[in-house]
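Read through the structure below, which is laid out as structure tokens, and then see the notes.
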Amino acid sequence: LVRAEGIFKFTVEEKSPIDTFIADLSNQLPIRTTASYSLRSLMPTNVEFVAVDNRTGQLRTRAILDRDEMCARQQCSCQSCELLFQLLVDSEQTLVSKVIEVKVQDRNDHSPRFENQSMIHIIYIKENVPLGHRIVLPTANDPDEGMFIDLSCIAP
């Protein structure tokens, strides 16, 4: 008998140490007997990142997950940096199959970088500029997700 049910979704913070606990899969499933857990990557490059203990069902990291590096190497779905796996749980005469999604949560650990770091950006705006007037600002690149706020630039 094979049972396939929905998707388990978990999150782990980027750059967490090796062997970081992600989830106890034995608590996620209604299995009350001894079981054997195995994990198969749905993306070939994901194998090295997480592992499941085949006796306890604990899901842990096998490497330090660097989201920026993983996305640059296309080792995850880079829109939200997710790793996809198939979990197989063999319990007596039942085989349970689940999809596991592990999202690598970005640590906003990069400052925005301007094309010319040494360049000082001074922007002059006339007092009588009409509402809605467009002002060209220098562009920056930030590999992190979301907004970066550099607290060192905020006046007390």
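Computed from a predicted model, the values in this text were never measured in an experiment.
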Point to revise | Closest non-hydrogen atom pair between Ile22 and Phe10, with its separation | key: CG2-CB, 3.6 Å
Exercise for review: With sequence neighbours left out, write down each residue that passes side chain to side chain donor-acceptor pair (under 3.5 Å) with Asn27, or none if nothing qualifies.
Suggested key: Asp24
Study note, to complete from the structure: Interatomic distance, CD@Glu14 vs CE@Met70, rounded to 0.5 Å, equals 9.0 Å
Revision key, fill the gap. Residues passing the side chain to side chain donor-acceptor pair (under 3.5 Å) test with Arg60, sequence neighbours excluded, are Gln58
**Study point:** Asp53 CG to Ser26 OG distance, which is reported to the nearest 0.5 Å
**Key:** 10.0 Å
Review point. Listed by chain and number, what are the side chain to side chain donor-acceptor pair (under 3.5 Å) partners of Gln28, not counting sequence neighbours?
Key: none
Check your understanding: Would a 4.5 Å heavy-atom cut-off, applied to side chains only, mark Leu29 and Lys98 as touching?
Key -> yes
Exercise for review: State the CD1-CD1 distance between Ile125 and Ile135, to the nearest 0.5 angstrom.
Suggested key: 3.5 Å
**Study point:** Minimal non-hydrogen separation, Ala63 against Glu48, with atom names
**Key:** CB-O, 3.8 Å
Show every donor-acceptor pair shorter than 3.5 Å between a side-chain atom in residues 83-92 and any protein atom, with sequence neighbours excluded, or say none if there are none.
residue: Gln86; atom: NE2; partner: Ser97; partner atom: OG; Å: 2.9
residue: Ser91; atom: OG; partner: Thr33; partner atom: OG1; Å: 2.5

Review point. For Glu101, what residues pass the salt bridge (Lys or Arg N to Asp or Glu O under 4.0 Å) criterion, not counting sequence neighbours?
Key: none
Practice item. Return yes if some donor-acceptor pair links the side-chain N/O of Thr61 with the main-chain N/O of Asp19 below 3.5 Å, else return no. Key: yes
**Study point:** For Ser16, all residues meeting side chain to side chain contact (heavy atoms under 4.5 Å, CB included), sequence neighbours excluded
**Key:** Val12, Glu13, Thr20
Exercise for review: Test side chain to side chain contact (heavy atoms under 4.5 Å, CB included) on Ser41 and Phe49 and set out the steps.
Suggested key: CA-CA 10 Å; Ser41 177; Phe49 297 124; over 6 Å; no
Revision key, fill the gap. Connected to Ile64, directly or through other members, by ILVMFWY side-chain contacts below 4.5 Å are Ile18
Review point. Considering only heavy atoms from C-beta outward, does the side chain of Leu59 approach that of Val102 to under 4.5 Å?
Key: yes
